[in-house]
Amino acid sequence: MKKKIVLVIAFFVTLIASAQEAKQELPLQYGATNVGKRQDAAMQKFRDNRLGEFIHWGLYAIPGGEWNGKVYNGAAEWLKSWAKVPSDEWMALMKQWNPVKFDARQWAKMAKDMGVRYVKITTKHHEGFCLWPSKYTKYTVANTPYKKDILGEIVKAYNAEGIDVHFYFSVMDWSHPDYRYDIKSEADSIAFRRFLTFTDNQLKELATRYPTVKDFWFDGTWDSSIKKNGWWTAHVEKTLKELVPGVTINSRLRADDYGKRHFDSNGRLMGDYESGYERRLPDPVKDLKVTQWDWEACMTIPENQWGYHKDWSLSYVKTPLEVIDRIVHAVSMGGNMVVNFGPQADGDFRAEEKALATSLGRWMSQYGEAIYGCDYAGWAKQDWGYYTRKGQDVFMVVFNRPYTKQLLVKTPKGTQIVGAHLLHGGSLQVVETARNEYNVSMPLVEPGEPFVIKLQIKEEKGAADKYRDALT
Ligand code: H79
């Protein structure tokens with residue numbers, strides 16, 4: 001009798017659960033295109049690169065945050081909006097676009113020395129000025145005193161250094177008369193259709209002129225006009241993937257049938273990686289859900305300046321160690337980090353950025369083994385810093401020195417530590433203090449900077465499988 005009741009209850013529980021599941025699953029025409037993480041070689045390369053350089057370069061570098069004698073503290077690339085400058089007046093800056101010190105090979109060398117494996121360059125920011133000679137607008141480098149195809153030179157020089165080039169592209173375009181923030185009438189709808197065709201043309205132009213492009217990173221996609229045209233974002237993703245085999249696309253481009261952005265109405269990531277982490281990072285303990293998908297964060301060196309701003313004293317400027325902390329933090333949670341640079345109007349980098357690049361390069365050349373190709377380790381976070389993992393190698397990146405001189409490590413069930421050594425240094429003592437708990441001793445001579453310990457581990461079969469499951 002009891003057994004019967006249990007069976008009946010189980011039947012109804014299953015029925016209710018499957019009914020709920022069926023209710024939750026909305027049929028979508030323009031939802032996610034991938035099931036889980038992409039595992040092809042191009043995506044693997046995107047992921048293994050881990051560290052990128054963002055470059056914001058456009059007309060906004062000329063005023064550098066100042067308009068008619070007033071300095072605006074907001075992001076310099078938004079100055080046109082802060083100072084309410086009409087488009088024709090803003091575009092008159094093109095007459096001053098003559099970056100005589102621009103040397104793409106020098107930029108690429110700086111990037112290489114910094115240890116970045118890819119660059120994300122603003123082909124066109126919200127202002128509408130194109131760094132390539134686009135056929136579809138007059139607002140391009142071709143119509144400036146400088147004339148030359150800046151983007152083409154960048155692609156060539158960075159590729160020659162073995163650095164992947166990703167294109168930043170703002171859909172929102174303040175220079176285009178057909179752009180609409182919302183669609184409120186038939187006339188808006190017709191104008192915005194023309195705008196989407198213009199954008200399609202520009203994107204096809206970029207994909208065909210620069211076929212080595214590895215990624216498109218869309219921005220300026222939050223307006224209602226775009227949310228009401230989710231079909232178009234799916235169409236862009238599809239078209240670019242047909243034109244450029246292996247190309248990766250960020251989630252920020254995408255809206256689904258219902259205008260839901262980044263994640264579709266069924267909760268699935270759209271595009272190939274989540275790109276919502278702008279100037280912020282997931283919590284390393286509470287937000288482990290991010291390890292389920294690919295993601296990329298981006299950061300500024302001052303609080304919020306992407307384009308060149310003449311006065312960096314108006315906000316806090318991060319130190320090289322704080323930048324390195326964010327890079328490691330991202331990788332430890334299975335993400336990439338892109339560090340932003342805003343070159344000057346003359347084509348050179350400001351002294352602070354050059355100094356940061358040098359510091360970053362020094363650390364990456366020493367400890368890059370714990371960054372490139374590394375992923376979330378799946379071990380419980382400890383106070384001394386972050387874990388990263390590549391295959392059987394688990395790295396401890398130590399940012400905080402304990403007075404106890406012992407670094408606590410808790411391993412997952414079935415995982416043993418059999419050795420530890422300082423990267424580029426000697427072996428360190430490991431003491432098992434409890435089941436799955438160890439003390440790894442601090443090096444006798446402290447490196448005086450965040451350093452890396454490489455652990456040798458032994459895993460029972462089940463433990464390794466569990467780790468692999470976490471990656472899929
Ligand atoms: O290119 C850099 C920034 O210029 C750009 N993305 C990075 C990589 C960026 N800045 N802000 N944003 C993206 C999001 C902007 C949101 C806002 Fe608004 C714009 C807040 C206020 C104005 C749009 C309008 C959203 C809310 C109101």
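Just follow the structure's listing: the first ligand is 1, and inside any ligand the first atom is 1.
- When only interatomic distances are considered, the shortest N/O to N/O separation between Trp306 and ligand 1 does not fall below 3.5 Å.
- Residue contacts with ligand 1: Glu278 is placed with a nitrogen or oxygen under 3.5 Å of a nitrogen or oxygen of the ligand (distance criterion only).
- With a 6.0 Å cutoff to the six-membered ring centre and a 45° limit on the axis angle, Arg268 does not count as a cation-pi contact of Phe263.
- Aromatic ring orientation, Trp57 versus Phe102: tilted (interplanar angle from 30° to 60°).
- Between Arg261 and Asp256, none of the side-chain N atoms (NZ, or NE/NH1/NH2) sits under 4.0 Å from a carboxylate O, so this pair counts as no salt bridge.
- Counting protein heavy atoms under 4.0 angstrom from atom 8 (C) of ligand 1 gives one or more.
- A donor and an acceptor atom, one from each side chain of Asp48 and Gln44, are located under 3.5 Å apart.
- Ring planes of Trp78 and His126: perpendicular class, angle over 60° (limits at 30 and 60°).
- Within the listing of ligand 1, atoms 12 (N), 13 (C), 14 (C), 15 (C), 23 (C), 25 (C) sit less than 4.0 angstrom from a heavy atom of Trp222.
- From the protein, the heavy atom lying nearest to atom 2 (C) of ligand 1 is His56 NE2, 3.3 Å.
- Of the protein's heavy atoms, Asp219 OD2, 2.7 Å lies nearest to atom 6 (N) of ligand 1.
- Between Glu77 and ligand 1, a contact under 3.5 Å exists for at least one N or O pair.
- Given atom 19 (C) of ligand 1, the protein heavy atom at minimum distance is Trp78 CH2, 3.2 Å.
- No hydrogens or angles considered: a donor-acceptor pair under 3.5 Å links the side chains of Tyr158 and Glu53.
- Protein heavy atoms are found inside the 4.0 Å sphere centred on atom 13 (C) of ligand 1.
- A donor-acceptor contact shorter than 3.5 Å is absent between the side chain of Thr144 and the backbone of Thr140.
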